[in-house]
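To find a chain, count down the sequence lines: A is the first, B the second, and so on, and within it residues start at 1. The shown structure was predicted, so the numbers you read here are calculated from the model rather than taken from an experiment.
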2 protein chains.
Amino acid sequence: MTEHHDTDVLFKALADASRRKLLDLLHAHDGRTLNELCEHLDMTRQGVTQHLDLLEAANLVATVRRGREKLHFLNPVPLQEIYERWIAKFEKPRLKALADLKRRMEKPNG
Amino acid sequence: MTEHHDTDVLFKALADASRRKLLDLLHAHDGRTLNELCEHLDMTRQGVTQHLDLLEAANLVATVRRGREKLHFLNPVPLQEIYERWIAKFEKPRLKALADLKRRMEKPNG
DNA sequence: TCTTTTGGCAAGTAAATACTTGCATATAGT
DNA sequence: ACTATATGCAAGTATTTACTTGCCAAAAGA
C-alpha cells in the first residue's frame, strides 16, 4: 500500500515454508552450493533456484561464484529491520517480559 | 515444510501490504469496526473482511461483536513469537548493535 | 413497521505463485 | 577432446490469492 517496496519483497520472501527452510539450512551452515541445498528440499533444482532468487532479491541471501559452483550466504540484516519496524513497534513491555521468561524456562541450561 | 502449520499461516498473513496496513491501523487505534477500517483501504468491504479473516486465523486480530458492529483488536503475541523463533535466532549481536545505533541516529530527539 | 446501518455468505475472475519439463552453457576432471 | 558436474534460462501448468459482484440477515433508529 503506502509502504516501502522492499518491505513487501521481504515479507513475501518469508511467506513460504521452503524459503524459510533454506534460511534455516544456511543458518546451520553457511556457504552451501545450490546442489547441497537441493538435497534437503523435495523439489527440482530449478524450483530451489527460483526460491533462492527471491531470497536474494529480498537481500536475505548473498551469493558468490567459485568456479562452476555458486555459494550461498545468509544475511540476517533484513530480519533485524523487520524487528525494528514491525515487532518492537507492536511490542508491549509486559508481553516481551513474558516471552523472555518463557524462553528461560524452556531451556534452563541454555 | 517440516514446519508448524501456525507459523505458515502467520507469515502468510503478514505477507500482504493491506493486511499489514490493517495491523498498523489497529495499532494506532484499537477496537475499530469493520466499516471504520474500510475507510482506509481502497477496496470493497468484502475484500477487507477477507483480509481480517486471515489476520484472525493467524491470531493477530481478535474480534468482539457489539450489537450489529464487530470490533477488532490487535494481538501482538504472535509477532513476539516470530521474533523469538526467527529473528533472535538469526541475530548477530553486532548487527543488533548496529541497528540500535542506526535508529538512534535517525531520530536524535526521539 | 419501514428504512438504514452493519455485517455475513457464496460464487466468479484475473493475476500471482509455486512448481514442472526441456534445453543450453560453463567449469572441472580424465 | 570427451564426459561429468554445476548451474542458467525459458516456457508451460496447476494452484492459490486477492479481489469483485450480488444477495441475505440482523440490529438500530425513525
Which part of the nucleic acid, if any, lies within reach of Arg66(A) when heavy atoms closer than 4.0 Å are counted: base, sugar-phosphate only, or nothing? nothing

Base, sugar-phosphate alone, or nothing: which one does Gly47(A) contact when heavy atoms must sit under 4.0 Å apart?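 It contacts base atoms.
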
Both Val48(A) and Arg45(B) contact DNA chain C. Which one's nearest nucleotide lies toward the 5' end? Arg45(B)

What nucleotide among [options] has an atom nearest to a side-chain atom of [X]?
X	options	answer
Arg68(A)	dT7(D), dA28(C), dC23(C)	dA28(C)
Gln50(A)	dA4(D), dG22(D), dT20(C)	dT20(C)
Arg65(A)	dA18(C), dT7(D), dG8(C)	dT7(D)

Which atom of Ala58(B) lies closest to which atom of Leu10(B), heavy atoms considered: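 Scanning both residues, the minimum pair turns out to be CB-CA, 4.0 Å.
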
When you measure from the side chain of [X] to the backbone N and O of [Y], does any donor-acceptor pair fall under 3.5 Å?
X	Y	value
His27(B)	Lys89(A)	yes
Arg19(A)	Leu14(A)	no
Arg32(B)	Leu37(B)	no

Within the modelled atom types, does a donor on one side and an acceptor on the other bring the side chain of Gln46(A) and the base of dG22(C) under 3.5 Å apart? yes

Using a cut-off of strictly less than 4.0 Å, decide whether [X] has a side-chain nitrogen or oxygen near OP1 or OP2 of [N].
X	N	result
Asn35(A)	dT5(D)	no
Ser18(B)	dC19(D)	yes
Thr33(B)	dT6(C)	no
His51(A)	dT17(C)	no

What is the distance from [atom1] of [X] to [atom2] of [N], rounded to the nearest Å?
X	N	atom1	atom2	result
Lys70(A)	dG8(D)	NZ	C1'	9 Å
Leu55(A)	dA18(C)	CG	P	11 Å
Asp16(A)	dC19(C)	CG	C1'	10 Å
Glu69(A)	dT27(C)	CD	P	13 Å

Between Lys12(A) and Leu34(A), just flag the one whose closest nucleotide in DNA chain D comes earlier from the 5' side.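 Counting from the 5' end, the first nearest nucleotide belongs to Leu34(A).
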
Residue that, paired with Val61(B), satisfies side chain to side chain contact (heavy atoms under 4.5 Å, CB included) out of Leu54(B), Leu26(B), Leu22(B): Leu26(B)

